[in-house]
Colleague: 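Shown below is the structure under consideration.
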Number of protein chains: 2
Amino acid sequence: MAIPDNPESGPRRTRGRPRGWDDKTAQNTIKSLDRAMAVFDHVSRGSGLALSTIAAETQESPATIYRILVTLAGRGLVEFDAEAQLWHIGPHAFTIGTRFLRRTSLVDRARPVLRRLMEATGETANLGVEREGAILFVSQVETHASIRAFFPPGTLSPMHVSGIGKALLAAMPQDRLERLLAGQDFASFTEHTITDRDRLADELRRIRARGYAVDDEERNLGMRCIAAPVFDMNAEAVAGVSLSGPTSRVTPDAVVGLSGEVIAAAEALTRAIGGVARREV
Amino acid sequence: MAIPDNPESGPRRTRGRPRGWDDKTAQNTIKSLDRAMAVFDHVSRGSGLALSTIAAETQESPATIYRILVTLAGRGLVEFDAEAQLWHIGPHAFTIGTRFLRRTSLVDRARPVLRRLMEATGETANLGVEREGAILFVSQVETHASIRAFFPPGTLSPMHVSGIGKALLAAMPQDRLERLLAGQDFASFTEHTITDRDRLADELRRIRARGYAVDDEERNLGMRCIAAPVFDMNAEAVAGVSLSGPTSRVTPDAVVGLSGEVIAAAEALTRAIGGVARREV
DNA sequence: CTTGTGTTTTTCATATCGTGAAAAATGATT
DNA sequence: AATCATTTTTCACGATATGAAAAACACAAG
C-alpha cells in the first residue's frame with residue numbers, strides 16, 4: 001500500500017504574507033469576541049449551565065453573559081432548555097464543527113507534529129495506526145543522524161513488539177483488547193520480545209500508569225522506541241506517535257526526558273485532529 | 001430533535017423565567033458578536049477562503065475580518081494555512097461541536113455496538129437520529145474495505161431516502177408520521193427514490209412487518225443500506241442503526257443475513273440506553 | 001534591479017456599541 | 001401574600017470596535 005505523503009504542494013499564490021505568524025500577532029484580537037468565545041467554550045463543556053453559574057465561573061457580569069448567550073442562541077450555537085432553565089451547546093455548533101472533518105487527514109496533520117518532534121529530539125519520529133491487528137507505519141520524519149532507525153512507511157509490525165502497538169493496546173477498552181489479542185501469536189523477534197500474555201498485561205498496566213510505551217529492543221536489537229497514543233473525537237486511540245533510535249543515544253536515562261516530548265507531540269496531534277484525550281471525557 | 005435527555009441532571013432551581021422565549025428577545029443580541037459568528041459560519045462552509053474573499057462575501061471591512069479571524073484563530077476555532085494563505089475551520093470548532101453529542105449518552109453507548117456490527121459484517125455501521133425532519137448521522141464505524149460507503153458524521157439526509165429515516169418513520173405513531181411528512185417534498189436522488197406518498201406508505205408497512213428497512217440505491221446509486229430502529233424508555237424510536245455498503249457486496253441475497261445483525265445491534269443499543277422495543281410495551 | 005500590482009497588516013481618530021450597576025420582572029417557595 | 005433567587009431590561013458612560021487609509025509585503029513583470 002502506498003502511503004500518500006504529499007509534502008508541500010498545491011496553490012502557492014502567496015502575497016503580502018507577514019513575517020512572524022507565531023502568536024505575537026495576538027495583539028490584534030478583539031477583546032469582547034474573545035471573551036464571548038470563552039463563554040461559548042465554557043457552555044459547551046458543561047452539561048446544562050445556569051446563567052448565574054456561567055457568570056460566576058467566567059467572572060463576567062450576568063448581563064453580559066445574557067446578551068452573549070442570546071446572540072449565540074440566535075445562530076443555534078447554544079440552546080436554552082426552557083424547562084430546566086439551563087444553557088446547552090446547540091445543534092448548529094455540531095453542524096459547523098463537523099465541517100472540520102472534510103479536510104482532516106491524520107497523515108497531513110501529523111507532518112508538522114512529527115517534524116517538530118524530530119527537531120526537538122534529533123531522532124526519527126513515526127506515525128502508526130492499527131490495521132487488522134497489526135501496526136501500520138504510515139508516516140515518518142527521519143533524523144539527520146547517520147546512525148538511525150530504519151523501517152520505511154508501509155511497514156507492518158505486530159502490536160506486541162512495537163511501541164505504538166503497545167501504547168494503543170494500553171489505551172483500549174478491555175473487551176476490544178481481548179478480542180484483538182485472541183488473534184495474536186506473540187511471535188518472538190529478539191530475546192527481549194514479550195511473548196507471554198501475563199507479562200504483556202503487566203506491561204500494559206505500567207504503560208497506562210506513566211502515559212507512554214517503550215519498545216526496548218523487542219523488535220530489533222539495538223533499537224529503542226518511545227510511543228504515546230493519539231485519540232479521536234470519541235476518545236478512542238486511533239494512532240500512535242513514536243520516536244525511534246539506536247540504544248546508544250536513546251539510553252534508559254534519556255528515555256525519561258524524551259518521553260515528555262513524545263507525549264506532548266501525541267497530545268498536539270490529538271488536538272489537531274479534534275480528538276479528546278481519554279481523561280478529558 | 002428527540003434525543004433522550006437524562007432527566008436527573010443537576011440543579012433544577014427554576015426561577016425568574018421570562019415569558020416569551022420565541023425570538024422577540026432578539027433585540028438584546030450583541031451586534032459585533034453576531035457578525036463575527038456570521039463570519040465563523042461562513043469560513044466553516046468554505047473550504048479554504050482568502051481574507052479578501054471573506055471580506056467581500058460578508059460585506060465587511062478587511063480590517064474587521066482580519067481581527068475576527070485572528071481572534072477566532074487564537075482559540076483554534078479557525079485556522080490559517082500559511083502555505084496557501086487561506087482560512088479554514090479549526091480543530092477546536094470540531095471539539096466544541098461534538099460536545100453537542102454528549103448531551104445524550106446515546107452516542108457513547110452506540111460506539112461498541114457499532115464497532116461490533118462492523119466487525120461482524122465487514123461493512124460500515126452508522127448511527128442516525130431525527131432532527132428537524134431529516135436524519136442526522138451522528139456516529140459511524142467504518143469498514144476497512146477499500147470500497148466503502150462514505151458520508152461523514154454530521155451529514156443530513158431527508159428521511160424518505162435513508163434507511164434509518166424509513167425505519168424511524170415506520171416505527172412512528174401515525175399522527176407524528178403525518179406531521180413529519182407534511183413538511184417533506186420527497187426530493188428525488190436516483191431513479192429508485194420513492195417519491196410517491198402511497199408507495200412510501202406501502203414501504204413502511206413492509207418495514208414494520210419485517211423489522212428492518214432497506215435503502216436500495218434510493219439515495220446513492222451503487223449503495224445499499226439496511227437499518228433498524230432504536231427505542232428509548234418510552235418505546236419511541238429515537239435513533240436508527242444502519243449498515244451501508246456497495247451493492248456488489250450487499251446483494252439482495254446478503255441482505256437477509258445482514259438484517260439479522262442490524263436488528264440485533266439495534267436491539268442491543270435499545271437495551272444499552274434503557275429503552276424498550278415497541279412490542280414489549 | 002526596479003517598478004507595479006494585489007494582497008494583508010497596522011495605525012489612528014471617531015463615535016459606535018458593548019458594558020456593568022442597578023432596577024424591574026418573573027416564577028418558585030414559604 | 002410576601003419573600004427570595006434568579007433572569008431581563010434599562011440607562012449613562014467610556015472602553016473599544018470600526019473603517020479609511022497608509023504601510024508592509026510577496027510576487028510578477030519590465
Side-chain angles (χ1 to χ4, degrees), chain A residues 8 11-40 43 48-74 78-88, chain B residues 10-40 43 48-74 78-88:
Chain A
E8 295 64 42
R12 179 84 73 81
R13 60 200 88 136
T14 330
R15 309 219 187 185
R17 161 122 49 113
R19 53 188 177 277
W21 238 101
D22 318 325
D23 30 29
K24 48 176 70 171
T25 330
Q27 316 152 12
N28 294 47
T29 61
I30 300 173
K31 226 177 202 168
S32 68
L33 175 55
D34 192 61
R35 287 200 278 180
M37 290 300 95
V39 172
F40 180 39
V43 171
L49 270 47
L51 176 63
S52 54
T53 312
I54 303 171
E57 289 173 350
T58 59
Q59 315 259 43
E60 303 274 353
S61 131
T64 300
I65 297 296
Y66 174 73
R67 284 180 293 242
I68 289 174
L69 291 177
V70 169
T71 306
L72 294 178
V78 303
E79 209 171 38
F80 184 62
D81 175 359
E83 287 301 324
Q85 291 277 296
L86 296 176
W87 293 89
H88 292 270
Chain B
R12 179 70 76 78
R13 54 195 88 115
T14 325
R15 309 216 190 191
R17 160 122 51 113
R19 49 177 185 285
W21 239 101
D22 319 325
D23 30 28
K24 48 176 69 170
T25 332
Q27 318 153 13
N28 293 47
T29 60
I30 301 174
K31 226 178 202 169
S32 69
L33 175 57
D34 193 61
R35 287 198 279 178
M37 292 301 95
V39 171
F40 179 40
V43 171
L49 269 48
L51 175 59
S52 54
T53 311
I54 303 171
E57 289 173 350
T58 60
Q59 315 259 42
E60 303 274 352
S61 131
T64 301
I65 297 296
Y66 174 73
R67 284 180 292 242
I68 290 174
L69 291 177
V70 169
T71 306
L72 294 179
V78 303
E79 208 172 38
F80 184 61
D81 176 358
E83 287 299 325
Q85 292 276 298
L86 295 176
W87 293 89
H88 293 269

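Sequence lines set the chain letters: A, B, ... in the order given, protein chains first and strands last, and positions in each chain run from 1. Note: hydrogens, waters and symmetry copies are ignored here, and every other heavy atom, side chains too, is used.
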Colleague: Round to a whole Å and report the spacing from CG of A/L33 to P of D/dA17.
Modeller: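 To the nearest whole Å, that distance equals 9 Å.
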
Colleague: Grab the CZ-C1' distance between A/R67 and D/dA17 for me, whole Å please.
Modeller: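 Rounded to the whole Å, the gap is 16 Å.
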
Colleague: Whole-Å distance between D/dA5 C1' and A/Q85 CD?
Modeller: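 Distance check: A/Q85 CD to D/dA5 C1' gives 12 Å.
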
Colleague: Just wondering, do A/Q85 and A/F80 contact through their side chains at under 4.5 Å, heavy atoms?
Modeller: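 Side-chain contact under 4.5 Å: yes.
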
Colleague: In whole Å, what is the span from the CD1 atom of A/I54 to the C1' atom of D/dT6?
Modeller: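 About 13 Å, once rounded to whole Å.
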
Colleague: Are side-chain heavy atoms of A/I54 and A/L69 found at a separation under 4.5 Å?
Modeller: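 Side-chain contact under 4.5 Å: yes.
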
Colleague: Return the value, rounded to whole Å, for the distance between atom CD1 of B/I30 and atom P of D/dT18.
Modeller: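 The distance from CD1 of B/I30 to P of D/dT18 comes to 12 Å, rounded to the nearest Å.
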
Colleague: Working to the nearest 0.5 angstrom, can you tell me the gap between B/L72 CG and B/M37 CE?
Modeller: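 Going from the CG atom of B/L72 to the CE atom of B/M37 covers 5.5 Å.
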
Colleague: Go through D/dT8, C/dT10, C/dG20 for me and flag the one nearest to the A/P62 side chain.
Modeller: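 Selected nucleotide (nearest to the side chain): D/dT8.
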
Colleague: Starting from C1' on D/dT18, measure out to NZ on A/K31 and report it in whole angstrom.
Modeller: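 Atom NZ in A/K31 sits about 16 Å away from atom C1' in D/dT18.
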
Colleague: Can you tell which of D/dG19, D/dT7, C/dG20 lies closest to the side chain of B/E60?
Modeller: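 Of D/dG19, D/dT7, C/dG20, D/dG19 is nearest to the side chain of B/E60.
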
Colleague: Can you find a heavy atom in the side chain of A/D34 that is under 4.5 Å from one in the side chain of A/K31?
Modeller: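 No; the side chains remain at least 4.5 Å from each other.
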
Colleague: Considering every strand and a 4.0 Å limit on heavy-atom distances, what is the contact class for A/S52: base, sugar-phosphate, or nothing?
Modeller: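 If one applies the 4.0 Å heavy-atom cut-off, A/S52 turns out to touch the sugar-phosphate alone, with no base involved.
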
Colleague: With DNA chain D as reference, determine whether A/S32 or A/A50 sits nearer its 5' end, using the nearest nucleotide of each.
Modeller: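 Result of the comparison: A/A50.
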
Colleague: CG of A/L49 to OG1 of A/T58: how many Å apart, nearest 0.5 Å?
Modeller: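 Spacing of CG (A/L49) from OG1 (A/T58) equals 9.5 Å.
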
Colleague: What nucleotide, of C/dT19, C/dA21, D/dT8, holds the atom closest to the side chain of A/A63?
Modeller: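 Minimum distance to the A/A63 side chain belongs to C/dA21.
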
Colleague: Tell me: CD of B/Q59 to P of D/dG19, nearest whole Å?
Modeller: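 Those two atoms, CD and P, are 12 Å apart.
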
Colleague: With nearest nucleotide decided by heavy atoms, which residue, B/L51 or B/R35, maps closer to the 5′ end of DNA chain C?
Modeller: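 Comparing both residues, the 5'-ward one is B/L51.
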
Colleague: Within this structure, what is the CG-to-P distance between A/L69 and D/dT9, rounded to whole angstrom?
Modeller: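 A/L69 atom CG is separated from D/dT9 atom P by 13 Å.
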
